[in-house]
2 protein chains.
Amino acid sequence: MTGAAKGAAGRPELSRGKVLQKALELADAGGIAALSIRSLAQSIGTKPMSLYYYVANKEEILDGLVDLVFAEISTPQAGSEWKEQMRRRAHSAREVLRRHPWAIGLLESRKAPGPETLKHHEATLATLREGGFTVEQTARAYSLLDSYIYGFALQEAGLPISGGEPMAQVAAPIMERFATGEYPYLVEIATQVVMQPDYDYGNEFGYGLELILEALQPASAA
Amino acid sequence: MTGAAKGAAGRPELSRGKVLQKALELADAGGIAALSIRSLAQSIGTKPMSLYYYVANKEEILDGLVDLVFAEISTPQAGSEWKEQMRRRAHSAREVLRRHPWAIGLLESRKAPGPETLKHHEATLATLREGGFTVEQTARAYSLLDSYIYGFALQEAGLPISGGEPMAQVAAPIMERFATGEYPYLVEIATQVVMQPDYDYGNEFGYGLELILEALQPASAA
DNA sequence: TCCACTTTCGTACACTGTACTGTAGCGTCT
DNA sequence: AGACGCTACAGTACAGTGTACGAAAGTGGA
C-alpha cells in the first residue's frame, strides 16, 4: 500500500536522522529510561533490528542525542562583545538543558564528541579568543562558565518538578518531618526562600552568571 | 560450618550497610553499569533475592550510594571563617566526586536525600549563615558554589582518563583528524594547553573556585 | 536473465530487576 | 513440652533489555 515493500533498495524508509529525532522525542517524553531499542522501533513504526542498519549500537544513539542537544544551543558569534555573547550562550544552554534534562547525565560518559558539539565549542572559543583572552585565559574562562552552566542544570534537574509554582506544595510535606529541629538552617531556607509562592530556582541562574561574567576579564598582566 | 545456617534468626549475616558498602566498591571498580543485583549478590557471597530483605529495590541502593558519597565530603564547621571553610569543602567535594564519578550522573535523578546528605547541607548552610550571609544570600551562594563544583566534576568525569600524564597521548590521535583547519581554535587550545605534558585539568578547579569565593561576600546593602 | 547490493526483519541468547512463594532456624508464650 | 510466629535467606519464574547472526525481499545494472 503506502510505503515501500519489506526489504527493498532504492528509497529507504528510515534514516539515521529520523532514528535520532524519534529517540529525542522519546527521551523528552519519558526520560532516558523510556528509550529502549524496542520502544524506539515501535514509535518509528519499524522493527527493533532495523535500527541497527543506521546505528552501530545504542551507545551511538546516545552520542547522537547529545550532539542534537548541543545543536540546539545558540552559537555565539565571534567578533562581537564577548560578554554579551557568553551571556546569551549561557542562558540558551540552560534553557536547552532544562528541556532535555536527561542529557546532563549523558555528558558524564560520552567519549566521542559529535560535529555539532565541535562546531559549538569552536565558535565559543573563537569568541573568547577574539575578545582578547589569551589561550590560557580562554581555557580557564570556558571551564568556569561551562562548569557553572552544567552544574546549575544538574541541580535544576534534581528538583522535584521545577515547573513554576508547585515548588511550595512539593516541599511542604517533606519539611514536616523536620519539625524536630534537627535541621534548623535547612528549615529556615526552605520556608523563607524555597517555599515562597513566587520562588523559582531558575531565576537564580542569572545571579551566578553575572557574578562570573563580572569577574572574568581578558588580558592584563599576571 | 562457618557462618550461621540457611534461614536463621539471631545474628544476621548481611546488613544494609554491608550491601551498600559492597555496592560502592563495585561501582568504583567498574562504573555504575557494573553494579547489578546479581553481581552485587555474588560479590557479597549471597544470592540475589537475599538483598531484597534489606533494600526495597535497586533505586534504594542508588539512593544509599549517593548518601555514602556525601558522607565522604568533609563537613564545614560553622563559626569559623566561612571562606576557608567553603574552600575546604569545595576541594573535598571535587576530590570525592573524582573518586566516584558515577555518582554525578546519579544526582540528576535522585528524589529522596539521605541523612548524611541532609547533615552535610545543614552544616554548609550553618557556616554561611553564621558567616554573615542573609537567607537569600545563602541560597544564592550555595547554589553558585555547588553548581560550579558539580559542573566541574561532570566535565572532569567526561575526560578520557584524567589520571596524570596520559592527557597528551589520548588527545593526539583525535587531533590529527582536525588537521583540515576546520577547527583552528580547538586545535590551538588543544595543542597549546591541553596537550602540554604537565597539563592537568584538575588544577583549573582552584582558579574558578577562588574567583567565585573572591566575588562572594555577605551582607552589605542591595 | 541473473547477479549483487541495499534495506529490512525473525529468531535466539545472555542478561537485567523483581514478584511470589517456600523454608530453616530461633525466641517466646502458654 | 508444644505450638506458633517471626526473622533471614533463597529458588523459581517472568517480562523486559541490547544485540549477534543470518535470512529474505526488492531494486538496479550487466
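Chain A is the first sequence line, chain B the second, and so forth, proteins listed ahead of strands; every chain is numbered from 1.
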Determine: side-chain N/O of Tyr53(B) to OP1/OP2 of dC9(D), distance under 4.0 Å, yes or no. no

Can you tell me how the ring of Phe152(A) sits relative to the ring of Tyr201(A), calling it parallel under 30°, perpendicular over 60° and tilted otherwise? parallel

Under a 3.5 Å cutoff, is there a donor and acceptor pairing between the side chains of Glu60(B) and Tyr52(B)? no

Calculate the interatomic distance between Tyr52(A) atom OH and dG10(C) atom P; express it in whole Å. 15 Å

Side chain to side chain contact (heavy atoms under 4.5 Å, CB included) involving Arg87(A) - partner list, sequence neighbours excluded: Lys83(A), Glu84(A), His91(A), Leu209(A), Glu210(A), Leu213(A)

Hey, does the side chain of Tyr54(B) come within less than 4.0 Å of dC9(D)'s phosphate (OP1/OP2), counting only N and O? yes

Check the pair His121(A) / Tyr183(B) against ring pair (Phe, Tyr, Trp, His ring centres under 6.0 Å), numbers first and verdict last. CA-CA 9 Å; His121(A) 285 141; Tyr183(B) 305 110; over 10 Å; no

Distance in angstrom units between Glu60(B) CD and dT18(C) C1', rounded: 14 Å

Rounded to the nearest 0.5 Å, the CD1 atom of Ile104(A) sits from the CZ atom of Arg98(A) at a distance of 11.0 Å

Who passes side-chain hydrogen bond (donor to acceptor under 3.5 Å, both in side chains) against Ser36(A), sequence neighbours left out? Ser39(A)

Contacts of type side chain to side chain contact (heavy atoms under 4.5 Å, CB included), residue Leu51(A), not counting sequence neighbours: Leu14(A), Val19(A), Ile37(A), Leu40(A), Ala41(A), Ile44(A), Thr46(A)

Figure out the CD/P separation between Glu59(B) and dT16(C), and round it to whole Å. 17 Å

Which nucleotide in the list dT8(C), dC9(C), dT19(D) gets nearest to the side chain of Thr46(A)? dC9(C)

Can you sort out the partners of Lys119(B) under salt bridge (Lys or Arg N to Asp or Glu O under 4.0 Å), two or more places apart, ordered by chain and number? Glu116(B)

Between Tyr148(A) and Phe205(A), how do the two ring planes meet: parallel, tilted or perpendicular, split at 30° and 60°? parallel

Glu13(B) CD to dA24(C) C1', straight-line distance once rounded to whole Å: 13 Å

What protein N or O atoms touch nucleotides 14-17 of chain D N or O atoms at under 3.5 angstrom, if any, and at what distances?
| residue | atom | partner | partner atom | Å |
| --- | --- | --- | --- | --- |
| dT17(D) | OP1 | Ser36(A) | OG | 2.9 |

Members of residues 17-32 of chain B that approach DNA chain D, where some heavy atom sits under 4.0 Å away: none

Using whole Å, report how far CG of Leu14(B) lies from C1' of dA10(D). 12 Å

What's the CE-P distance between Met49(A) and dA20(D), to the nearest Å? 7 Å

Can you tell me the distance, in whole Å, between the CG atom of Leu51(B) and the P atom of dA10(D)? 9 Å

Lys47(A) has an atom NZ; how far is it from atom C1' of dT19(D), in whole Å? 17 Å

